[in-house]
Number of protein chains: 2
Amino acid sequence: MAKEYHSKYKTWILDYLGERKDSRLSASEIHTAMAKDGLNANLVTIYRNLDRLVDEKKLNRQKISGEEENFYQFLAPDLHCTSHLHLICSKCGRIIHLNCEFMKEISDHLLADHGFQIDCQDSALVGLCRDCRAKSAV
Amino acid sequence: MAKEYHSKYKTWILDYLGERKDSRLSASEIHTAMAKDGLNANLVTIYRNLDRLVDEKKLNRQKISGEEENFYQFLAPDLHCTSHLHLICSKCGRIIHLNCEFMKEISDHLLADHGFQIDCQDSALVGLCRDCRAKSAV
DNA sequence: AAATAAAATGCAAATGATTTGCAAAAAACG
DNA sequence: CGTTTTTTGCAAATCATTTGCATTTTATTT
């Protein structure tokens, strides 16, 4: 008879990120957005709920070169985020889920020719998305 | 008539990482290794020299998911590190330079099919190298 | 070799993201 | 309601990294 507690903050975070599957937000960005929505949690509470959600594998935590903060990203079973790579735009933060047949070629090649077994969850390809490339090519 | 100062610490760091092109070390690892070699610099000095070397594009600074520290990697023009991806073993830290023809296929595909222009310098594929995979498959 | 200028160093303290200890508030369940 | 367990907030700790500043080292010029 395990008790089922729930935190409104945790629910809010999951909903919020679930509506933004193509982006990744930092703890403080989430904190700010939540406050704008009238829900005032302590930043520590945000961190704790993010930790729980990562433990429950409902969110993914990513840190890439040049960033000082961790970023959190929605992770649902039906997104298959553990089996594909993510492209992250270094300008706007947009996430592109690399859900194409080419993905398999990459992992096969790495394994066959380099003996390397990729861990998609922790890997990320950084660069410029189409929109930001267009903007910067003024 | 720009004066040319040089720091023995900077030289030591570059030499040390230059002899370890297939690995990446953190500031404190470098600090420790340097001390073992009888050269005692303050950790702050290590940080400052690493910054300079990154500015001079002689080292690359990388941070990946799950790591709290920055890691530094030797970067020489003849290694073409800016135009290929790096595979990083999450277990032993080994770096594999993805210097193969397949690399071009990856970047071409990302650009053509996803409009994404990869920045190899900040991208890294994390996973298990051949040796660590063999060990963990006991 | 001494004087000057610029850069490199060490120390202490600041920073910024994240974590932790602890007591109080909220939720679950009998 | 009363008890138990979880969640929260606050203050303080932590950890990697950075900064301010006075001192030392180095390069270059007398």
Side-chain angles (χ1 to χ4, degrees), chain A residues 1-17 24-35 37-56 58-73 88 90 93 122 124, chain B residues 1-17 24-35 37-56 58-73 88 90 93 122 124:
Chain A
M1 46 184 84
K3 295 185 182 178
E4 274 282 305
Y5 292 78
H6 56 266
S7 153
K8 53 183 172 184
Y9 302 126
K10 188 165 141 184
T11 310
W12 191 95
I13 293 173
L14 200 57
D15 287 351
Y16 191 77
L17 286 173
R24 43 204 284 287
L25 299 168
S26 67
S28 69
E29 285 171 337
I30 292 169
H31 185 230
T32 307
M34 192 185 274
D37 198 30
L39 200 53
N40 288 81
N42 190 297
L43 185 54
V44 175
T45 300
I46 307 282
Y47 275 112
R48 277 195 278 233
N49 281 300
L50 287 170
D51 284 350
R52 286 169 200 149
L53 288 164
V54 170
D55 284 350
E56 295 167 13
K58 289 177 182 157
L59 294 184
N60 191 28
R61 193 195 330 256
Q62 282 187 332
K63 182 181 285 185
I64 61 174
S65 297
E67 294 175 346
E68 349 61 45
E69 294 167 286
N70 283 319
F71 282 80
Y72 298 85
Q73 167 195 1
I88 298 177
S90 55
D122 281 339
Chain B
M1 46 182 84
K3 295 185 184 179
E4 273 283 304
Y5 293 79
H6 55 268
S7 154
K8 53 184 172 183
Y9 302 126
K10 188 166 144 183
T11 309
W12 190 96
I13 294 173
L14 200 57
D15 286 352
Y16 190 78
L17 286 173
R24 43 205 286 287
L25 299 169
S26 68
S28 69
E29 286 172 336
I30 292 169
H31 184 230
T32 307
M34 191 184 273
D37 198 31
L39 201 53
N40 287 81
N42 190 297
L43 185 54
V44 175
T45 300
I46 306 282
Y47 275 111
R48 277 196 277 233
N49 280 299
L50 286 171
D51 284 349
R52 286 169 200 148
L53 287 164
V54 169
D55 284 349
E56 295 167 13
K58 289 176 182 158
L59 294 184
N60 191 27
R61 192 192 333 252
Q62 282 187 332
K63 182 181 287 185
I64 62 173
S65 298
E67 294 175 346
E68 348 61 46
E69 295 167 286
N70 283 320
F71 282 80
Y72 299 86
Q73 163 195 4
I88 298 178
S90 55
D122 281 340

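Just so it is clear, the values below take in all heavy atoms, side chains as well, and ignore hydrogens, waters and symmetry mates. The chains referred to below are lettered A, B, ... by the order of the sequence lines, with proteins before strands, and numbering in each begins at 1.
When rounded to the nearest whole Å, the span between CG of B/Asp55 and P of C/dA7 equals 14 Å. Rounded to an integer number of Å, the gap from B/His31 NE2 to D/dT18 C1' is 16 Å. Protein atom CG of A/Leu50 is 14 Å distant from nucleotide atom P of D/dT7, rounded to whole Å. In this structure, the NZ atom of B/Lys8 is 9 Å from the P atom of D/dT25, given to the nearest Å. Atom OH in A/Tyr47 sits about 13 Å away from atom P in C/dG16, given to the nearest Å. The interatomic distance linking B/Arg61 (CZ) with D/dA16 (C1') rounds to 12 Å, in whole Å. Between the CG atom of B/Asp51 and the P atom of C/dA8 there is a distance of 12 Å, rounded to whole Å. Counting to the nearest Å, the P atom of C/dG16 and the CD atom of A/Glu29 are 16 Å from each other.
Contact between the side-chain N/O atoms of A/Arg52 and the OP1/OP2 oxygens of D/dT8 is found at a separation under 4.0 Å. Between B/Ser7 and C/dT9, a side-chain N or O to OP1/OP2 separation shorter than 4.0 Å is present. Under 4.0 angstrom from either OP1 or OP2 of C/dA8 there lies no side-chain N or O belonging to B/Thr45. Close to D/dC10, at under 4.0 Å from its OP1 or OP2, lies a side-chain N or O of A/Asn42.
Closest to the side chain of A/Val44, out of C/dG10, D/dT17, D/dC10, is D/dC10. When each of D/dT17, D/dA27, C/dG10 is scored by its nearest atom to the side-chain atoms of B/His6, the top-ranked nucleotide is D/dA27. Considering only side-chain atoms of B/Glu69, the nucleotide from D/dC10, D/dT17, C/dT18 that sits closest is D/dT17. Taking every side-chain heavy atom of B/Asn49 into account, C/dT9 is the closest of C/dT9, D/dT17, D/dC10. The listed nucleotides are D/dT19, D/dT8, D/dT18; the one nearest the side chain of A/Tyr9 is D/dT8.
Nearer to the 5' terminus of DNA chain D, by closest-nucleotide assignment, is the contact made by A/Ile46 (compared with the other of B/Asn70 and A/Ile46).
With sequence neighbours excluded, the residues forming a salt bridge (charged side-chain N to carboxylate O under 4.0 Å, His left out) with B/Asp51 are B/Arg61, listed by chain and number.
Contact of the B/Asn49 side chain with the B/Ser7 side chain is registered, since non-hydrogen atoms from C-beta on lie closer than 4.5 Å.
A donor-acceptor contact under 3.5 Å is not formed by the side chain of B/Tyr5 with the base of C/dA8.
Judged purely by atom type and a 3.5 angstrom limit, A/Asp37 has no side-chain atom pairing as donor or acceptor with the backbone of A/Leu39.
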request  = Applying side chain to side chain contact (heavy atoms under 4.5 Å, CB included), run through B/Leu59 and B/Leu14 and close with a yes or a no.
outcome  = CA-CA 8 Å; B/Leu59 294 184; B/Leu14 200 57; 4.0 Å; yes
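Between A/Tyr9 and the choices A/Thr45, A/Ile46, A/Leu50, the side-chain contact (heavy atoms from CB on, under 4.5 Å) rule is met once, by A/Thr45.
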